[in-house]
Amino acid sequence: MCGIIGYTGRNEAEGIMLDALEVLEYRGYDSAGIAVCGEDHQVRIRKCAGRVKDLRSLCERDGLSGVCGIGHTRWATHGGVSDANAHPHQFGGVTVIHNGIIENYKSLIAQYKLEEKLKSQTDSEVAAAVASHFYNGDPYAAIRKTVLKLKGTFALGIMFEDIPDVIFAVRNVSPIVVARTEEGSMMASDVTALGQYSKDYFVLPEFHVATLKKESVELYDMSGEPVEPQWLTVNWDVNRSSKGGYPFYMEKEIMEQPQVIRETIEPRMKEGLPDLTQDGIPDSLLTECSQICVVACGTAMHAGLVGKALMQSFVKMHMDVELASEFMYTDSLVDGKTLVIAISQSGETIDTLEALKYAKRNGAKTLAIVNVKGASIARESDYVIYTNAGPEIAVASTKAYTTQLAALYLLTGRMAYARGVFDEAATRAFMAELQRAPEAIQKVLDRREEIHYIARRILNAKDVFMIGRGMDYSILLEGSLKLKEISYIHSEAYASGELKHGTIALITQDTPVIAVITQDKVQSKEFSNVKEVQSRGAEVILFMKENYRLDEDASWDSVFKLPQMRDEFMVMPVSAALQLLAYYVSLDKGLDVDKPRNLAKVVTVE
Ligand code: F6R
């Protein structure tokens, strides 16, 4: 969490950093700040609580001139949201931006007697103070000694006042990428902030120091030995990082789904069969395991739940789906016969990363499904399937989720084929249905105004229930999370058969119920469950497969008919419908759809 940026080059740094911070704002938006080295070699700071637009106004009134600077957009952990706690922090001649958590900051305050000297309540200022303590003209020695003292996670951008126009970067766990542009050098928390300036970047290895100069970038290990960076190329079009005419990134990203799902599936199809050779995944990985376990958080975990239903129903394989944040603390049973799949859009979620490391320590084979190229989870895994969703900027995940689903369908198809559960014809039929998913989603997107109309029915609700069975329930867990996080309406997804065991007590005429009915084998039971809540006065918004018939005796408040696919693929059109529902509620409530309160896009704290 927190976005960091650094620039040194031939152009003025302020504007470049403000633009980049706006892109990085999805990582945190409690406060923002920049530090710029002026011609007189003084490093000056502008920072404030609030958004990057507030910082921009501050800079318009009282700007900073200079060609080298570092900037930060914050998601508060240690210390409240205030101007003083905004980064950068300056101590002596050292200026620092930090993403992560310095766990031992209190003992460092005591050890270096900093209590009276600090201006903020942050752990980050302590890192600046420790670096200043060790600095005596040798930046590398100061950085080495500082990081040896720090416990926790950190991505640090550092400027020393007597080394003008040079930025130093070092990290442990929290990400930093570094790029050379046509007229300078840049670093950032992720490539989306750099894509407009350069397509070539490298991920700063942990405990290495990058030195960014106007003319070059240098990389050293902790003993001061030069290291050759491993250059990567940005794998998406920079235009995909803009809103493309939509009011919010979320709407744009919802609308992109048919295209990015195709881009995830098509390169992995050969003559109608799933083919994972481009990902370097051998069939032995899929045939030699006796159980599968997904570790993931939030939306990515919900994708895992759909994966579980697929694996169990098609491959007949046992699959667990674990909350990554709980995985290590529940004595999870994984061994050499377990395939652990880590699913993550950002590839940086620390809980998922730690769960993955735990699985490796216990001998499991690991596979990551990640969107961001070169991210930590991808690098830590034995194998990776990259989803080709492109940059996802809105905090609420949409296209990353459906491309994760696409990857799970591919994996299921390949696994069933490799294990001999599917013959060639069955595999082809499965894949042909997957290839229909973009078209089914497009049909829902084309009718988005109908969903906008339906969304008005829950605009003023305090609580909403979402009910369904089987795969309908799995997708509702995700639909409910989407509604909660961007509309602030309390919403609970419930397996509809379970309602009568207690929770139906909460259903009244004031609790709208969203029901999803798309699974033939439980269709009649799902309709009965809907009747149960209707009898308690609840207004029901129904999303159902288009070929189902409604009971003509019952009265229906709102019904949206979903394009028909095979049951196991219905999650695709349903996802799009529920994403749009949440989006329109948030939009009509006048909320900041892309940046819901208290959240950040990349969760790098445990
Ligand atoms: C919700 C959402 C989060 C993420 C979760 C994991 O819309 O985006 O629940 O899914 O924080 O993030 P990644 O996928 O980056 O590991």
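For ligands, and for the atoms within them, numbers begin at 1 and follow the listed sequence.
- Ring pair Phe543/Phe560 is tilted by interplanar angle, where 30° to 60° counts as tilted.
- Considering every non-hydrogen atom in both Pro258 and Met255, the closest pair reads CD-O, 3.4 Å.
- The distance from ligand 1 to the heavy atoms of Ala396 drops below 4.0 Å at these ligand atoms: 7 (O).
- Ligand 1 has no atom lying under 4.0 Å from any heavy atom of Ile377.
- For atom 16 (O) of ligand 1, the nearest protein heavy atom (residue, atom name, distance) is Thr349 OG1, 2.4 Å.
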Tabulate below the donor-acceptor pairs under 3.5 Å that side-chain atoms of residues 472-480 make, not counting sequence neighbours, or state none.
from: Asp472; atom 1: OD1; to: Thr518; atom 2: OG1; distance (Å): 2.4
from: Asp472; atom 1: OD2; to: Thr518; atom 2: N; distance (Å): 2.9
from: Glu478; atom 1: OE1; to: Thr299; atom 2: OG1; distance (Å): 3.1
from: Glu478; atom 1: OE1; to: His302; atom 2: ND1; distance (Å): 2.9
from: Glu478; atom 1: OE2; to: Thr299; atom 2: OG1; distance (Å): 3.2
from: Glu478; atom 1: OE2; to: Lys482; atom 2: NZ; distance (Å): 2.7
from: Ser480; atom 1: OG; to: Ser491; atom 2: O; distance (Å): 3.2
from: Ser480; atom 1: OG; to: Ser491; atom 2: OG; distance (Å): 2.7

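- For the residue pair Asn371 and Thr387, a side-chain donor N or O sits within less than 3.5 Å of a side-chain acceptor on the partner.
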Q: Please assess Asp592 against Arg51 for the test salt bridge (charged side-chain N to carboxylate O under 4.0 Å, His left out), listing each intermediate value before the final yes or no.
A: CA-CA 12 Å; Asp592 187 345; Arg51 303 263 167 117; 2.4 Å; yes
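- The N/O atoms of Lys482, backbone and side chain alike, include one that comes under 3.5 Å of an N/O atom in ligand 1.
- With a 4.0 Å heavy-atom cut-off, ligand 1 is reached by the backbone of Val395 but not by any atom from C-beta on.
- Contact annotation: Met301 has no heavy atom less than 4.0 Å from any atom of ligand 1.
- Protein heavy atom nearest atom 2 (C) of ligand 1, with residue, atom name and distance: Thr299 OG1, 3.5 Å.
- Protein heavy atom nearest atom 15 (O) of ligand 1, with residue, atom name and distance: Ser346 OG, 2.6 Å.
- At a heavy-atom cutoff of 4.0 Å, ligand 1 is contacted by the side chain of Glu485 but not by its backbone.
- Exactly one of Ile292, Thr412, Leu286 qualifies for a side-chain contact (heavy atoms from CB on, under 4.5 Å) with Met317. That residue is Ile292.
- Short contacts between ligand 1 and Ser344, defined as distances under 4.0 Å to a heavy atom of the residue, involve ligand atoms 13 (P), 14 (O), 15 (O), 16 (O).
- Using cut-offs of 30° and 60° on the angle between ring planes, the pair Trp231 and Phe202 is perpendicular.
- In summary, the atoms of ligand 1 found under 4.0 Å from a heavy atom of Ala300, numbered by their order in the structure, are 10 (O), 14 (O).
- Classification of the Tyr105-His78 ring pair by plane angle, with boundaries at 30° and 60°, yields perpendicular.
- Nearest protein heavy-atom contact of atom 6 (C) of ligand 1 is Cys297 O, 3.4 Å.
- Residues Asp382 and Thr366 bring a donor and an acceptor atom of their side chains to less than 3.5 Å of each other.
- Among protein heavy atoms, atom 14 (O) of ligand 1 sits closest to Gln345 N, 2.7 Å.
- The protein heavy-atom contact nearest to atom 11 (O) of ligand 1 is Val603 CG2, 3.9 Å.
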